[in-house]
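First comes the structure, then the notes that go with it.
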Amino acid sequence: MFMTQDVKTQLVALIQQALASVAPAASATPILLERPRDAAHGDFATNLAMQLARVLKKNPLDIARQLVNELPVSALVRKAEVAGAGFINFTLDSAAKTAAIAGVLALGADFGRLVLGGGQKIQIEFVSANPTGPLHVGHGRGAAYGASLANLLAFAGWEVTREFYVNDAGRQMDILALSTWLRYLELNGVVVAFPPNAYQGAYVRDMAGQMAAAHGGKYFRSAEAVESGLPGLPDADRSDDEAKNQREAHLDALIVRAKALLGPDWSYMHQHALSEQLADCRDDLESFGVRFDVWFSEQALFDTGLVARAVDLLEKNGHLYVQNGAKWFKSTAFGDEKDRVVQRENGLYTYFASDIAYHLNKYERGFDKIINIWGADHHGYIPRVKGALTALGLDAEKLQVALVQFAVLYRNGQKAPMSTRSGEFVTLRELRGEVGNDACRFFYALRKSDQHLDFDLDLAKSQTNENPVYYIQYAHARVCSVLTQWGGEVSTLARADLGCLDSPRELALANRLAEFPEVIAAAARDLAPHQIAFYLKELAADFHTWYNAERMLVDDPVLRDARLALAAAARQVIANGMGLLGVSCPSSM
RNA sequence: GCGCCCGUAGCUCAUCUGGAUAGAGCAUCGGCCUUCUAAGCCGAGGGUAGGGGGUUCGAGUCCCUCCGGGCGCGCCA
């Protein structure tokens with residue numbers, strides 16, 4: 001019997017012996033084994049001879065033949081042959097392939113678990129949406145990617161902290177609080193023109209309604225008090241820069257007025273809107289199978305003085321200068337396109353300043369690696385953040401930014417609007433409700449994160465039964481059904497005699513199971529959970545093919561148990577992989 | 001204008017850090033349910049990998065250039 005995990009490394013060891021004998025000088029050449037797509041090319045293949053051709057200045061075919069000749073005899077390898085331009089193809093002994101089945105059944109939910117991360121602490125910050133409205137499908141993509149990636153890295157041996165950065169300190173929150181108050185006034189019959197650049201969504205009215213129900217007219221003020229003396233609004237149909245500036249100025253003046261009129265009640269308004277939206281956001285994400293260990297408040301960075309400390313530190317290190325009354329960080333010294341303001345002329349810190357403080361805090365918490373998952377529109381932001389870290393004397397290499405490309409929605413073949421403020425967007429909650437959580441998570445997982453995503457709503461909604469997620473879940477359900485009809489104790493299958501499994505379909509499926517840890521390793525290395533999704537599709541395909549070709553519940557108990565063991569192992573790997581992607585595996589469909 | 005990302009079958013996407021004849025799903029066409037779930041299986045057609053050049057044993061993958069699309073270039077967040 002072969003140790004499951006070791007088949008590949010044992011094969012590498014054999015090749016290394018051959019290499020040491022053929023080309024002692026090049027014995028350190030790394031040996032890469034790949035699983036050929038074409039079954040005719042065996043179970044493993046190496047391009048070692050082609051790699052050596054360059055160094056040894058010899059014909060790769062000759063090198064390959066020598067390597068095969070020098071390969072030590074082993075029960076592991078049934079056949080090693082030279083093919084193509086110099087590949088060496090290995091066909092394993094059946095027992096070496098079916099060994100994976102026993103391995104899966106012995107390890108269960110831990111099959112595929114790795115120690116790549118060596119228990120290092122890694123922080124993944126994702127979603128971090130402004131709590132100013134419902135999450136939309138773009139956030140959904142970041143959420144699905146981040147959650148799957150976090151699960152994946154934890155499975156691969158890192159100690160993962162999942163974190164959501166709450167932007168609770170900026171102007172956007174003020175605008176939300178103002179929007180809520182204006183809707184509240186509206187409910188009390190006070191007619192104030194609702195600014196076009198305030199938050200228009202129905203959820204704002206909902207919050208206002210709750211507030212009116214709970215506090216009656218406590219925050220009532222007259223329209224005259226609210227509006228008198230404010231700068232006017234331009235015509236609604238104007239979209240030039242001047243008009244835009246006028247609208248922003250009007251909005252800011254309204255905020256100032258609201259703060260003056262409400263006094264201490266303003267912060268209640270602010271807090272209420274924040275906690276409502278945050279609770280909604282958390283609920284939405286949890287229903288989506290996305291959980292966070294830490295909800296980190298931007299405001300706390302100011303309250304604890306960390307923002308000031310971070311800026312002071314930059315100043316002390318000589319990386320700041322004053323120009324036009326503002327404090328600038330000399331980020332061009334660290335590869336950025338231009339210098340950036342950290343403290344405005346009016347004394348307020350910029351978002352960049354609090355972000356520097358936030359990253360300083362991340363470093364001070366002692367993570368070995370930090371991953372930020374950002375929307376692709378933030379790519380220009382990376383050099384300045386890394387620059388600031390370097391300027392603070394920190395190792396910027398610890399920080400890795402994974403960009404998630406935009407999800408562009410299509411409805412009836414038309415681009416759907418995605419603006420939060422206009423309130424016209426498809427929410428994540430709507431999407432989950434119409435497509436289902438499983439299909440939703442898998443739909444997102446099925447795309448490489450740095451690839452633009454055309455999300456066709458009509459397709460996603462209408463094709464729920466054709467979504468590939470069901471293909472995989474169906475394989476799982478089929479195994480459950482067969483095992484139920486068999487009625488035996490599944491745990492006994494781990495001891496089944498697998499010697500009778502020798503058909504190409506069975507061995508292909510067993511091979512696929514053995515590949516799972518390699519898929520985990522590659523996906524973790526590339527921060528690419530989509531590789532798991534594609535692997536699972538292939539695994540399910542191997543299973544369905546076999547299922548349609550052979551019967552499991554046969555009379556011969558030895559053959560029956562062997563096949564059931566294979567099926568049970570396939571079910572286990574499907575469950576392990578789907579679990580990482582946050583997709584459930586029903587036992588019947 | 002400058003910077004980053006992208007361009008693969010009619011559509012949506014893979015391609016294991018440069019490997020063998022570029023693969024799936026959907027859609028189209030043809031077969032398979034008296035046998036453990038047909039949400040399945042088997043088969044067929046469908047490609048100048050945006051165009052062109054370069055690097056080498058070998059390029060969808062790396063470099064250059066052009067075309068096309070997305071995003072960014074605030075004392076916004």
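The chains referred to below are lettered A, B, ... by the order of the sequence lines, with proteins before strands, and numbering in each begins at 1. Worth knowing before you read on, the calculation uses all heavy atoms, side chains too, and leaves out hydrogens, waters and symmetry mates. As the structure is a computational prediction, the values presented were derived from the model and not from experiment.
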Taking only side-chain N and O atoms of [X], does any of them lie within less than 4.0 angstrom of OP1 or OP2 on [N]?
X         : N      : answer
Lys338(A) : G74(B) : yes
Arg447(A) : C13(B) : yes
Tyr471(A) : C41(B) : yes
Thr545(A) : C42(B) : yes

Taking only the side-chain heavy atoms of [X] (C-beta and beyond), determine which of [options] contains the nearest atom.
X         : options                : answer
Met589(A) : A14(B), G19(B), A39(B) : A39(B)
Asn167(A) : A77(B), G40(B), U37(B) : A77(B)
His378(A) : U15(B), A77(B), C36(B) : A77(B)
Gln451(A) : G7(B), C36(B), C41(B)  : G7(B)
Asp450(A) : C6(B), A77(B), A14(B)  : C6(B)

At under 4.0 Å between heavy atoms, what does [X] touch on the DNA or RNA strands: base, sugar-phosphate, or nothing?
X         : result
Ala53(A)  : nothing
Ala45(A)  : base
Gln323(A) : base
Tyr474(A) : base
Lys327(A) : nothing
Phe352(A) : nothing

Inter-nucleotide P distance (U17(B), C36(B)), Å rounded:
42 Å
Say you pick atom C1' in U21(B) and the same atom in G47(B); how far apart are they, in whole Å?
13 Å
When you measure only distances, ignoring hydrogens and angles, does the side chain of [X] come within 3.5 Å of the base of [N] through a donor and an acceptor?
X         : N      : result
Asn89(A)  : A20(B) : yes
His379(A) : C71(B) : yes
Asp377(A) : G72(B) : no

For this output row, return yes or no: ring centroids of Phe329(A) and Phe334(A) closer than 6.0 angstrom.
yes
Separation of U15(B) atom P from Glu518(A) atom CD, nearest Å, is 16 Å
Phe443(A) CZ to C26(B) P, straight-line distance once rounded to whole Å:
14 Å
Please name the nucleotide paired to [N] by Watson-Crick or G-U wobble geometry with both distances under 3.5 Å, or report none.
N      : result
A22(B) : none
C4(B)  : G70(B)
C62(B) : G54(B)
C41(B) : G31(B)

Could you tell me whether Arg141(A) sits above the aromatic face of Tyr145(A), with NZ or CZ closer than 6.0 angstrom to the six-membered ring centre and within 45 degrees of the axis?
no
Find out whether Tyr535(A) and Arg512(A) are in side-chain contact, i.e. whether some heavy atom of one side chain is under 4.5 Å from a heavy atom of the other.
yes
